[in-house]
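Inspection log for the structure reproduced underneath, given as structure tokens.
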Amino acid sequence: MNRERKRAVLRLEGGAEFKGWMLGYDGPCDGEAVFSTAMVGYPESLTDPSYSGQILCVSYPIVGNYGVPEEGVDEYGISKNFESDRIWARGLVISEYSFDYSHWNAVKSLDQWLREQRVPAIYGVDTRALTQELRQNGSQLAMIVPEGVEKSFPVPDPNKENQIAIVSCKEVIHYGHGEKKVVLVDCGVKHNILRCFVDRGVELIRVPWDYDFNTLEWDGLFISNGPGNPQYCDVTVRHLQEAMKGNKPIFGICMGNQLLARAAGASTFKLKYGHRSHNQPARIVGSNVCVITSQNHGFAVDPLGLGPDWEEWFVNMNDGTNEGIRHKSKPFCSVQFHPEASSGPTDTQFLFDEFISKL
């Protein structure tokens, strides 16, 4: 990194401060500070639209060691190495930055990529102490402030903004070819979800979050992941309730789980610090089958409000929160975790096969 190091500080709304050095774009930022315990996958995490509005703390101590891969799309027009076409996290917090990167597909450093995308980061932070702070006191509004810059609270709360409207596509997009058509409601979809469908021979129709998909012809409906508070998607919930009057298969992931649950009569609530990692255990309700999942969400479903025709499908083994629901007679289901997870684990990719088999 051929530039002078500049001191910086991460300030939390609760009063805690963590000093370090600037990395990436040399400017301030603010957002909700959250932590992820994943060991790898910072290119995928930073480009995950579900991190929109947030300052991401990577608790794994060494970051940047394998650089950043090339941009570009595959034959379907889907990003080869990222989960979207840009970085969505507002800022990044890391402990030790690896100035020398080494990987066969790396084309630039993390620092260079962050500068190009105008995303500030801070390194040299005690991320163990920061993670403990966020676990004990909950996710908090925060800011990264370079030395010599004046910035203070209050700052806007991204959870009081419609983050889904920000990250969703603005027009209908088609991917792949196949006998079966699936409408994908884009609440902030990760690109590997697109790939999991088209690789299985499905024609995918991606529509904006508030699009009335009931006006289209389709064999199955999919509701994607996305950032923020599901209460801002009442229009999507209404479209879902209309679709649920029929019998065509419906499948949701992450935000899709919350929206399907709200359409089924349940409520949602904000978690203290959310689930963001690659190693969350989820058990199939009524069995001893447990799967290891990748997760990224700050809200969860309260299953007590589900109607009598619905049941819990998966439950989180760490805190007992809901990890999925399903209808008792119709082909409607959803999960809170990410079966498409890139960079893994892939224990639950079979859920795509199960959904497609019902089309």
Side-chain angles (χ1 to χ4, degrees), residues 23-25 29 31 34 36 38-58 60 63-94 97-98 101-121 163-164 166-171 173 175-176 184 186-199 204 206 222 224-228 253-255 276-278 294-297 337-346 349 352:
L23 189 71
Y25 179 63
C29 70
V34 300
S36 170
M39 294 175 64
V40 294
Y42 56 82
E44 292 89 350
S45 293
L46 288 170
T47 55
D48 180 353
S50 291
Y51 280 116
S52 176
Q54 297 179 330
I55 296 175
L56 172 61
C57 167
V58 181
Y60 190 70
V63 178
N65 54 312
Y66 55 89
V68 177
E70 66 176 354
E71 299 179 12
V73 297
D74 60 19
E75 65 270 27
Y76 305 118
I78 301 170
S79 175
K80 291 181 179 179
N81 297 306
F82 304 109
E83 291 291 9
S84 69
D85 59 0
R86 53 164 286 188
I87 294 177
W88 284 103
R90 291 184 182 175
L92 179 66
V93 182
I94 58 180
Y97 176 65
S98 180
Y101 65 89
S102 178
H103 195 275
W104 66 269
N105 72 348
V107 296
K108 65 184 72 172
S109 69
L110 174 60
D111 176 56
Q112 180 183 348
W113 187 42
L114 291 168
R115 276 183 283 157
E116 291 172 354
Q117 300 263 327
R118 299 176 67 85
V119 176
Q163 295 295 326
I164 291 172
I166 295 173
V167 303
S168 177
C169 64
K170 309 307 178 187
E171 59 185 6
I173 308 172
Y175 302 90
L184 182 150
D186 180 9
C187 298
V189 68
K190 295 168 66 176
H191 279 195
N192 206 44
I193 289 177
L194 305 177
R195 187 173 293 106
C196 282
F197 278 112
V198 296
D199 278 349
L204 202 58
R206 179 181 176 184
F222 176 82
S224 85
N225 65 291
I253 288 176
C254 198
M255 177 61 70
R276 298 174 182 89
S277 71
H278 286 191
S294 175
Q295 306 203 8
N296 179 11
H297 57 273
F337 50 82
H338 286 272
E340 87 293 342
S342 179
S343 53
T346 57
Q349 273 203 15
F352 287 100

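If you're wondering where the values come from, they're calculated on a predicted model, not measured in any experiment.
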Verdict with supporting geometry, Leu194 and Val189, side chain to side chain contact (heavy atoms under 4.5 Å, CB included)
CA-CA 8 Å; Leu194 305 177; Val189 68; 4.2 Å; yes

Walk me through whether Ile173 and Asp186 qualify under side chain to side chain contact (heavy atoms under 4.5 Å, CB included).
CA-CA 10 Å; Ile173 308 172; Asp186 180 9; over 6 Å; no

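- Residues Cys254 and Asn296 are not in side-chain contact: their nearest non-hydrogen atoms beyond the backbone lie 4.5 Å or more apart.
- No side-chain donor-acceptor contact under 3.5 Å links Thr346 to the backbone of Gln349.
- Residues Gly24 and Asp111 approach most closely at N-OD1, 2.8 Å, considering heavy atoms.
- Looking at Gln117, its side chain does come within 3.5 Å of a backbone N or O of Ile87 through a donor-acceptor pair.
- Side-chain contact between Leu46 and Val119: absent, with no pair of heavy atoms (C-beta onward) separated by less than 4.5 Å.
- By the ring-ring contact (aromatic ring centres under 6.0 Å, His included) test, His297 is found to be paired with His275, residues two or more places apart in sequence or in another chain being considered.
- Remark: Lys80 NZ to Asp74 CG distance equals 7.5 Å, nearest 0.5 Å.
- Side chains of His191 and Thr47 form no contact here, defined as non-hydrogen atoms less than 4.5 Å apart.
- Atoms OH and CG, from Tyr175 and Leu184 in turn, are 8.5 Å apart once rounded to the nearest 0.5 Å.
- Atom OG of Ser79 sits about 12.5 Å away from atom NZ of Lys190, to the nearest 0.5 Å.
- For Phe197, the ring-ring contact (aromatic ring centres under 6.0 Å, His included) partners are Phe222, Phe352, not counting sequence neighbours.
- Counting heavy atoms from C-beta outward, Tyr97 and Ser109 have side chains that approach closer than 4.5 Å.
- Between Tyr76 and Leu204, the closest side-chain pair of non-hydrogen atoms is not below 4.5 Å.
- Among residues two or more places apart in sequence or in another chain, the ring-ring contact (aromatic ring centres under 6.0 Å, His included) test is passed with Tyr101 by none.
- Judged purely by atom type and a 3.5 angstrom limit, His338 has no side-chain atom pairing as donor or acceptor with the backbone of Glu340.
- In terms of heavy-atom proximity, Pro120 sits nearest to Arg90 at CD-O, 3.4 Å.
- The side chain to side chain contact (heavy atoms under 4.5 Å, CB included) check on Asp85 picks up nothing, with sequence neighbours excluded.
- Counting heavy atoms from C-beta outward, Val167 and Pro227 have side chains that approach closer than 4.5 Å.
- Taking CZ of Arg118 as the start and SG of Cys29 as the end, the distance is 12.5 Å to the nearest 0.5 Å.
- Considering all non-hydrogen atoms of both residues, Gly228 and Met255 come closest at O-CE, 3.4 Å.
- The side chain to side chain donor-acceptor pair (under 3.5 Å) check on Ser84 picks up Trp88, with sequence neighbours excluded.
- Put simply, the side chain of Leu92 does not reach to within 4.5 Å of the side chain of Leu23, judged on heavy atoms.
- With values rounded to the nearest 0.5 angstrom, Glu44 atom CD is found 10.0 Å from Ser294 atom OG.
- The CZ atom of Phe337 sits 8.5 Å away from atom CD1 of Ile253, with the distance rounded to the nearest 0.5 Å.
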Please report the C-alpha distance between Gln54 and Arg276 in whole Å, then the side-chain angles of each, then the deciding distance to 0.1 Å, and finally whether the side chain to side chain contact (heavy atoms under 4.5 Å, CB included) criterion is met.
CA-CA 12 Å; Gln54 297 179 330; Arg276 298 174 182 89; 3.3 Å; yes

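- Distance alone, capped at 3.5 Å, is enough to place a donor-acceptor pair between the Ser224 side chain and the Cys187 backbone.
- Side-chain N or O atoms of Glu83 include none that pairs as donor or acceptor with a backbone N or O of Ser45 at under 3.5 Å.
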Acceptor/donor pairs from residues 63-72 side chains to any protein atom, 3.5 angstrom cut, sequence neighbours excluded:
from  : atom 1 : to    : atom 2 : distance (Å)
Tyr66 : OH     : Gly41 : N      : 2.7
Tyr66 : OH     : Tyr42 : N      : 3.3

